[in-house]
Amino acid sequence: MKLKNAAGKEEKAQMIVVPGDEPLAEYIGLYNLKDEEIGLLDGEILVTQNAANVLGFAAGDQVEIQDQDLNQREVTVSGLVRNYLGNNVYMTEKTYESLFGDYEPNGVFLKLSEECSDEIAYADDLGGKEGIVSYTSKQELSDEFSDAFTLINMVVYIVIIMAAALAFVVLFTLSTTNISERSRELATIKVLGFFDREVHLYVNKETMILTAIGIVCGIPLGYAFAQTLTYVLNMPSIYLAVSLHGKSYAMAAGLSFLFAILVDLLTNRSLDEIDPVEALKSVE
């Protein structure tokens with residue numbers, strides 16, 4: 001079937017009609033945007049969240065749905081439900097009949113018992129039987145989804161490692177540049193009687209303060225960038241749920257401070273090697 005918004009934009013979706021008093025919860029769990037499990041009532045049209053995001057409508061809006069026989073009806077979206085893979089429209093048999101007339105099912109859900117140890121093999125066996133045009137195994141879909149996102153996970157890990165390396169290199173470069181540009185100032189401090197540890201603290205505290213400022217500014221900017229990126233990368237059939245936890249921010253802040261400490265330890269040697277006599281010589 002097809003979904004069409006008020007602007008005429010279309011998106012393919014799967015219409016799932018629940019016959020009679022069949023309990024849909026036995027096969028599909030419906031959760032609203034608050035992650036609360038809900039039921040399906042007569043007269044309701046539930047649409048998955050990703051389809052709403054792609055077409056730009058919300059609960060209570062009017063949309064047009066088209067069945068496989070090209071019959072079009074304008075309906076009101078009763079609510080949005082979570083779904084991470086594919087776009088679905090849910091309604092009861094009575095709701096379907098009130099819109100399109102006689103209900104003729106063309107597919108079934110099978111709930112396998114615990115005795116079935118190989119769901120994929122069972123589905124493949126069904127494919128060879130007469131009258132079955134196509135079949136889909138939940139386990140096979142899950143495996144394909146996991147395989148497809150394994151590569152994406154590797155890309156994410158590489159990006160994280162490269163970002164960490166870049167942060168370390170930037171901190172190290174800025175610190176060494178800062179020391180080289182202020183060699184005469186630091187030499188003067190040494191001549192005035194400051195010990196090595198006091199010189200270290202004089203320079204290193206600046207690095208820590210700048211790191212803290214970067215964390216305070218970077219966390220909200222990073223959150224905004226993540227939201228923007230997932231919006232731009234929004235795919236028609238996949239809903240990308242952004243989940244950022246407090247420990248993620250804590251780990252990022254902790255790693256930044258760790259890099260700053262490592263840089264300070266490395267640059268302390270450069271501070272120790274500053275020769276006050278050489279640094280304070282007049283330019284001949």
Side-chain angles (χ1 to χ4, degrees), residues 1-19 22-101 103-109 134-138 140-146 148-149 152 226-244:
M1 62 159 291
K2 289 183 179 181
L3 274 172
K4 182 186 294 185
N5 61 9
K9 184 179 179 180
E10 296 182 350
E11 186 61 43
K12 292 183 179 180
Q14 179 73 31
M15 181 186 295
I16 298 179
V17 180
V18 183
E22 287 291 331
L24 181 61
E26 292 289 329
Y27 305 92
I28 299 176
L30 296 180
Y31 294 85
N32 61 19
L33 303 189
K34 298 180 180 179
D35 290 326
E36 299 171 342
E37 189 171 9
I38 59 176
L40 182 62
L41 304 176
D42 291 334
E44 289 187 343
I45 305 291
L46 301 181
V47 183
T48 51
Q49 182 183 9
N50 189 63
N53 291 342
V54 173
L55 296 179
F57 64 83
D61 292 346
Q62 296 282 332
V63 297
E64 193 174 87
I65 58 176
Q66 181 185 89
D67 65 3
Q68 61 182 2
D69 296 325
L70 304 183
N71 297 315
Q72 298 182 358
R73 298 291 185 273
E74 190 174 79
V75 299
T76 300
V77 178
S78 303
L80 303 179
V81 293
R82 297 282 191 192
N83 198 65
Y84 300 104
L85 186 60
N87 301 317
N88 298 329
V89 176
Y90 301 94
M91 66 181 72
T92 63
E93 180 179 352
K94 290 183 178 179
T95 304
Y96 178 87
E97 290 178 341
S98 66
L99 294 172
F100 299 102
Y103 168 65
E104 296 181 2
N106 59 359
V108 295
F109 285 110
S134 64
Y135 61 92
T136 301
S137 167
K138 182 186 72 174
E140 185 175 6
L141 286 177
S142 177
D143 293 344
E144 291 177 354
F145 186 81
S146 299
F149 271 80
I152 296 179
Q227 295 290 340
T228 303
L229 184 62
T230 52
Y231 176 80
V232 172
L233 296 178
N234 188 29
M235 291 176 281
S237 60
I238 298 178
Y239 173 69
L240 299 176
V242 180
S243 180
L244 297 175

>> To check you understand the geometry: which heavy-atom pair defines the closest contact between R82 and N32, and what is its length?
In response: CG-O, 3.6 Å
> Looking only at heavy atoms, which two atoms of I45 and T95 are closest? And how far apart?
Replying inline: CD1-CG2, 3.6 Å
> Just by distance, do the side chain of D69 and the backbone of N71 share a donor-acceptor pair under 3.5 Å?
Replying inline: no
>> Would you compute the distance between atom CG of L55 and atom CG of D61 and round it to the nearest 0.5 angstrom?
In response: 11.0 Å
> Any idea which heavy atoms bring G79 and A59 closest together, and the distance?
Replying inline: CA-CB, 4.0 Å
> Are the side chains of N50 and Y84 in touch, meaning some heavy atoms are under 4.5 Å apart?
Replying inline: no
> Which atom pair, heavy atoms only, marks the closest approach of A51 to L3?
Replying inline: CB-CD1, 4.1 Å
> In Å, rounded to the nearest 0.5 Å, how long is the span from NZ of K12 to CD of Q66?
Replying inline: 11.0 Å
>> Which residue in the set L30, V47, V81, N83 passes side-chain contact (heavy atoms from CB on, under 4.5 Å) when paired with N88?
In response: N83
>> Could you measure the distance from the CD atom of E44 to the CE atom of M91? Nearest 0.5 Å is fine.
In response: 11.5 Å
> What is the distance from atom CZ of F100 to atom CD1 of I65, rounded to the nearest 0.5 Å?
Replying inline: 4.0 Å
>> Nearest 0.5 Å, please: how far is CD in E97 from OG1 in T92?
In response: 9.0 Å
>> If you compare all heavy atoms of G43 against all heavy atoms of S78, which two are closest, and at what distance to 0.1 Å?
In response: O-OG, 4.1 Å
> How would you list, by chain and number, every residue that makes a side-chain contact (heavy atoms from CB on, under 4.5 Å) with A52, sequence neighbours excluded?
Replying inline: F57, L80
> Between atom CD of E11 and atom NZ of K2, what is the distance when rounded to the nearest 0.5 Å?
Replying inline: 10.0 Å
> Would one find more than 12 heavy atoms of other residues, nucleotides or ligands at under 6.0 Å from atom CD of E104?
Replying inline: no
